[in-house]
Amino acid sequence: MRVVHYINQFFAGVGGEEAAGTEPELREGPVGPGKRLAALLGDEHEIVATAVCGDDHASEHSDFAAALVESAREKGAELLVAGPAFTSGRYGLACARIVVAAAEAGLPALAAMHPDNPGLHEAAGTPVVESGATGREMRPSLERLAAATRKLAGGEELTADDGRIGPVARVNHMAERSAAERAVALLLDRLGGDREATEIPLPTFDQVTPADPVADPADALVALLTEGGFVPAGNPDRLESARATKWVRHSLEGRDSVEEGEFESVHGGFSTQWANAEPNRILPLDVARELEQEGAIGGLHTEYFATTGNGTTVADARRFGVEWAAELHEARIQAAILTAT
Amino acid sequence: MNAGEAGAGLRRLVHEVRELALGDRTVYEAGRLTVSEEAARSLVEDPALAEVGLACASPGEPVRIIGALDAVQPCSKGPGGGGVFPGFLGPALPPGRGETHVLRGAAVLAAGHLPRAQEAVIDMSGPVAPLSPLAATHNLVIEFERAPGAAWEDVEAAVRRGLLRVAVHVADAALECDPDAVEELPDPAATPEGRPRVGVVTNIQTQGKYKDVFVYGRSLSTGLATLISPNELDDGAVVSGQYGHPALKNPTYLHQTHPVVAALRECDDLSLAALVLCPEPVEQGAKELISAHAARLCAGLGLDAAILTKEGGGNADADVSLKMDRLEEEGITTVGVFAEMAGRDGTGPSLVVPPSRATAMVSVGNYDELVSLPACERALGGDRLALLDRPATDELELPAAAIYCALNPLGWGNLTCAEAG
Amino acid sequence: MGAPRIVPTRGIPYPTGDPELSSEQERAWRRQLVERALHALATPVTEPTVFDGDPVE
């Protein structure tokens with residue numbers, strides 16, 4: 001089969017963080033880890049091209065994926081593989097997005113990343129196989145990816161035995177009885193001694209490995225973040241009051257406090273009367289600035305980030321988190337205080 | 001009143017509505033309800049409202065209602081209502097005894113704009129119709145415009161009062177008619193012995209203006225768990241003023257016909273022993289207090305089991321989960337009705353705050369999954385759907401979350417969710 | 001929800017405030033919360049940890 005392989009700017013040899021804005025391009029043949037992958041795939045399959053995109057570009061322009069898939073099809077691609085992305089969040093998101101775009105275009109596709117990679121949950125049912133945590137585990141990660149690719153090329157489903165990871169989609173359908181009738185039936189099952197019966201298995205939440213502490217807040221640059229729908233009065237960016245699909249950033253430079261009439265909350269999940277009367281109740285700029293002036297905080301970030309956490313999908317929230325983390329890293333921020341409503 | 005005959009229970013006199021039309025006089029005859037346009041309009045008119053429109057929307061018609069607000073089942077105990085909707089039309093006293101005439105298959109529904117109201121869509125026909133209880137009823141739709149300069153609180157109060165008045169007005173037309181069915185609803189205290197005693201614990205939203213629900217005309221926002229007879233629901237003891245979360249809302253209509261209460265009344269193996277209404281506070285400490293207190297109350301009532309329902313989104317999951325855990329600690333077996341929020345593709349974690357001890361959960365579906373609505377001929381409640389900025393009659397793709405009561409947390413619907421494959 | 005360092009507050013609509021307090025008291029409460037957050041940020045943790053006491057100097 002004719003295979004197109006997706007990698008980021010780092011593995012394509014363009015550069016690290018400074019090159020993360022690299023625009024999408026398609027190169028002839030295998031590149032970087034694609035060379036070993038091509039060898040592992042054997043003679044039956046050929047990596048005809050390598051799709052490359054900078055992690056920042058991919059994170060900020062979700063349409064990069066459809067465009068690259070289109071180019072890949074023009075090259076005669078019959079299958080698309082992405083990664084391994086290890087634990088790199090933006091790279092993982094990009095891999096997930098491009099395999100989803102490929103699947104939507106009718107191409108078999110799979111990605112490889114570590115189970116902790118936040119991109120895993122973006123793959124929306126498109127197969128992902130497990131990789132190691134870092135590039136040091138490139139060899140076994142590529143071996144697993146190659147084996148899974150051969151199987152997928154053969155038209156087979158990938159399973160946990162192939163190292164498949166990620167959530168299985170839950171899909172709506174009409175039951176024969178109403179939820180109320182099913183609740184009564186479930187209660188009878190439980191009263192009858194069945195301790196397991198349920199329609200919703202208990203969810204497992206992401207395990208987040210806590211970041212190392214800052215040595216001393218007095219030396220740290222700290223950002224203020226919130227999911228309280230916190231915007232300048234009038235909501236110039238039209239941040240949604242529920243089911244947010246975006247986040248906003250606004251400057252705090254020259255401000256000692258966030259004042260009534262200048263900022264407001266557009267959160268649709270609670271009464272905003274208290275927030276609007278005293279915006280520091282959502283974003284504690286007044287006391288944070290005081291602590292900065294007293295030297296207890298090394299410095300406050302020049303802007304705050306906000307979204308609305310009200311019925312927001314976990315997928316969107318995860319994407320905001322990855323984007324915020326990348327932004328804060330780039331701005332050399334060491335710590336963040338996120339107010340949650 | 002025939003309280004003597006019915007004892008402490010309620011006798012429901014059911015009049016089926018199979019046809020609805022506007023006309024000169026309000027008449028109910030042999031399943032056909034005709035509503036006087038003039039009488040209905042004058043019952044809704046208020047200084048806070050500039051314009052009041054009336055329309056009919058019946059099952060199977062190519063009609064879409066957007067901006068659906070509250071809906072009410074017509075009922076009356078005597079001319080002028082005779083005590084239904086206590087605290088609004090009747091005196092603020094517990095109802096739920098004697099006889100109540102009900103127009104089954106009909107609803108009075110308001111559609112339009114209110115602050116904090118999220119656009120709620122009902123298709124009266126087509127693939128999405130089976131998702132909404134109000135697509136199965138003959139609806140008298142009240143459309144309105146705010147009077148210039150009127151306060152929105154006054155607009156909301158006028159619409160709510162108008163809905164209830166019209167619901168009583170049309171039910172009054174059936175007071176002298178022979179019912180299609182007579183249903184005896186025994187007092188919960190008189191339920192058969194020897195069966196497990198089940199309580200229905202219904203959390204009602206209490207998040208301030210436009211997101212509040214009334215019991216005897218009062219907000220429960222500063223209150224604790226309240227025990228009422230389930231039969232009081234039929235008489236409108238609980239009235240909704242909650243306009244957020246279209247798919248996850250509990251309109252007055254569904255409190256009056258509470259699906260879990262109805263299912264327990266139908267069940268021969270269990271006794272419906274109590275209805276406990278609880279506020280859904282926004283503060284964590286208050287959530288914990290109300291949960292612990294409600295669990296003690298249920299234990300004090302000698303309940304063996306409980307079914308929990310909520311209203312609203314993820315934050316309201318916490319109120320159900322906490323109560324389930326506290327109830328299980330009291331030795332009361334619990335089932336909770338939950339909506340899933342698993343993302344458009346269904347792969348996200350389903351619940352924001354799952355219970356930790358109690359695990360019996362019923363799913364009313366994933367509210368993020370998209371549904372397709374074909375184009376329709378006529379729209380009520382507005383011309384454009386602001387959510388998508390499209391003409392209201394267009395072909396639309398919307399999350400199930402936007403369909404009125406599609407994931408009704410009182411358990412009305414058949415929608416559910418499971419792993420693919 | 002997996003957040004590693006958590007400072008509990010008093011109400012959803014006002015995470016860094018409390019409208020029940022006078023404005024001086026409320027500002028002092030807010031400062032206390034942000035100080036707790038800074039203390040949390042400087043403390044090693046291995047799992048979701050709630051910081052509801054005041055930092056010990």
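Throughout, protein chains are lettered first and strands after them, A, B, ... in sequence-line order, and every chain is numbered starting at 1. Here the structure is a predicted model, which is why all the values come from computation and not from measurement.
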Checklist line | Point-to-point distance, once rounded to the nearest 0.5 Å, from CD of A/E278 to CG of C/D18 | finding: 12.0 Å
Item checked: Nearest heavy-atom neighbours spanning A/P210 and C/V45 -> CB-CG2, 3.5 Å
Margin query: Let me confirm one number: the CG-CG distance from A/D216 to C/L38, rounded to the nearest 0.5 Å.
Written below: 10.0 Å
Notebook entry, point to check: Counting N and O atoms only, with roles assigned by atom type, does the side chain of A/R281 sit under 3.5 Å from a partner on the main chain of C/R30, one being a donor and the other an acceptor?
Noted result: no
Next item on the list: Output all residues satisfying side-chain contact (heavy atoms from CB on, under 4.5 Å) with A/P236, sequence neighbours left out; order by chain, then residue number.
Entry: A/P232, A/H250
Check: Once you round to the nearest 0.5 Å, how far does CZ of C/R27 lie from CG of A/N280?
Finding: 7.5 Å
Notebook entry, point to check: What closest approach, in Å, do A/P217 and C/A42 show between heavy atoms, and which atom pair accounts for it?
Noted result: CD-CB, 3.9 Å
Notebook entry, point to check: Considering all heavy atoms of both residues, which atom of A/W274 and which atom of C/P13 are nearest to each other, and what is their separation?
Noted result: CE3-CB, 3.6 Å
Note to self: Please classify the contact between A/A336 and chain C as side chain, backbone, both or neither, with a heavy-atom cut-off of under 4.5 Å.
What the structure shows: backbone
Notebook entry, point to check: What part of A/T272 is in contact with chain C, defined as an atom under 4.5 angstrom from a non-hydrogen atom: side chain, backbone, both or neither?
Noted result: neither
Margin query: For A/E122, give me all partners under side-chain contact (heavy atoms from CB on, under 4.5 Å), at least two apart in sequence or on another chain.
Written below: A/L93, A/A96, A/A315
Margin query: Need one label for C/T49: side chain, backbone, both or neither, based on atoms under 4.5 Å from any heavy atom in chain A.
Written below: neither
Checklist line | Nearest atoms (heavy-atom pairs only) where C/R5 meets A/A211 | finding: NH2-O, 2.9 Å
Notebook entry, point to check: Based on non-hydrogen pairs under 4.5 Å, which of C/P15, C/S23, C/A40, C/A28 is most in contact with chain A?
Noted result: C/P15
Notebook entry, point to check: Of all the residues in residues 283-299 of chain A, which have a heavy atom that comes within less than 4.5 Å of a heavy atom in chain C?
Noted result: A/L283, A/P284, A/D286, A/V287, A/E290, A/L291, A/E294, A/A296, A/I297
Check: Any side-chain heavy-atom pair from C/L41 and A/I337 closer than 4.5 angstrom?
Finding: yes
Notebook entry, point to check: Where on C/E47 is there a heavy atom nearer than 4.5 Å to chain A: the side chain, the backbone, both, or neither?
Noted result: backbone
Notebook entry, point to check: Sequence neighbours excluded, which residues qualify as side-chain contact (heavy atoms from CB on, under 4.5 Å) partners of C/T43?
Noted result: C/H39, C/F51
Note to self: Taking atom CZ as the centre, does A/R238 end up with more than 12 heavy-atom neighbours from other residues, nucleotides or ligands that are less than 6.0 angstrom away?
What the structure shows: no
